[in-house]
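What follows is one structure encoded as structure tokens, with my remarks underneath.
Every number for a ligand or one of its atoms is a count from 1 in the order of the listing.
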Amino acid sequence: MRRKNERKPLVTNIYTADPSAHVFNGKIYIYPSHDVERDVPDDDDGDQYMMEDYHVLSMDSLDSECVDNGLALSQDDVPWVSKQMWAPDAIYKNGKYYLIFPAKDKEGIFRLGVAESDSPTGPFKPQKDFIKGSYSIDPAVFLDEDGRTYCYYGGLWGGQLEMWQTGSFNRDEARPSGDDPALGPMFAEFSEDMTEFITKPRHLEILDENGEPLKASDEDRRYFEGPWMHKLNGKYYLSYSTGTTHYLCYAESDKPDGPFTYKGRVMEPVLGWTTHHSIVNIDREWYLFYHDCELSGGVTHERCVKYTKLDVDSEGNIRTIHPYEEAE
Ligand code: FUB
């Protein structure tokens, strides 16, 4: 039996994607990208994803109506941003809510920014500049049980991660290919006040069953974008999108910074090119928040967020979701 909202668009008044879901004070908050209708041809740089602001969604419970709480932050209010406010995440810390978001700076380079609010739904007040040393997209912020806060981020192709392989930005940098080790997601620790990174950002390793780094050609398993971190029984679960092959996969480690070992698939492909998710524990059960393009009939940059129950066994193994199968 599925819940009445399960696997259905949670809101239909706007297009939404890349849902980062959290429970704050017993209520569910979703921090998505706010997709916009634009007549821009699809390309590998993601120029069709021209999002300009963020709206926060909320639900009193998994069975309640999902509410769009209106404008939370606009690109017009962020001094360093030129365009493309992509997938954000949020965290509650120090009595404040922080929105962590990627966008292109005035040079067209993706950076990560921080904005804060006293309310989970905003409005959020941005810092004047992007996080020093940050680049690429898709920040996922993880508050560990010891109070340390980590940022997992990065995306290939339009997310520009390959362009930083030498340590500085080079638009023409070659992409790893064939037997080259795949580029893992980036990892850095936030300062206590969430304004900066206190460790030098570095790539995380994802290893295969033999302890070898996944190869760039292993497109069914290698990292592409959309990282998420959840923890169960002391183990760290890194989940992510494989991009070109459209899977959500996961890998496991005893430490927040890996190395991670590839474990399996979280979800088979959805309608649309992108797949991007979050995993959250609600009332002692695990749920996957994700998106597809059902609401627009398949337009890749007009997506809608959904959720579904995730079956996780006591050892942390995730049963692969087939997003369009009939309920049992
Ligand atoms: O929403 C824009 C981009 O599409 C995100 O940053 C990626 O994860 C993909 O979902």
Is the centre of the F101 ring less than 6.0 Å from the centre of the W86 ring? no
Classify the ring geometry of Y153 against F197: parallel below 30°, tilted from 30° to 60°, perpendicular beyond 60°. parallel
Give me the atom names and distance for the closest heavy-atom approach of Y287 to I282. CE1-O, 3.7 Å
Any side-chain donor paired with an acceptor under 3.5 Å for N69 and Y29? no
Any idea which residues sit under 4.0 Å from ligand 1, heavy-atom distances? D18, S33, M51, W86, A87, I137, D138, E225, T274, H276, H291, R303
Answer yes if the side chains of S117 and K96 hold a donor-acceptor pair under 3.5 Å, and no otherwise. no
Quick check with a 6.0 Å cut-off and a 45 degree axis cone: is R221 positioned over the face of Y262's six-membered ring? yes
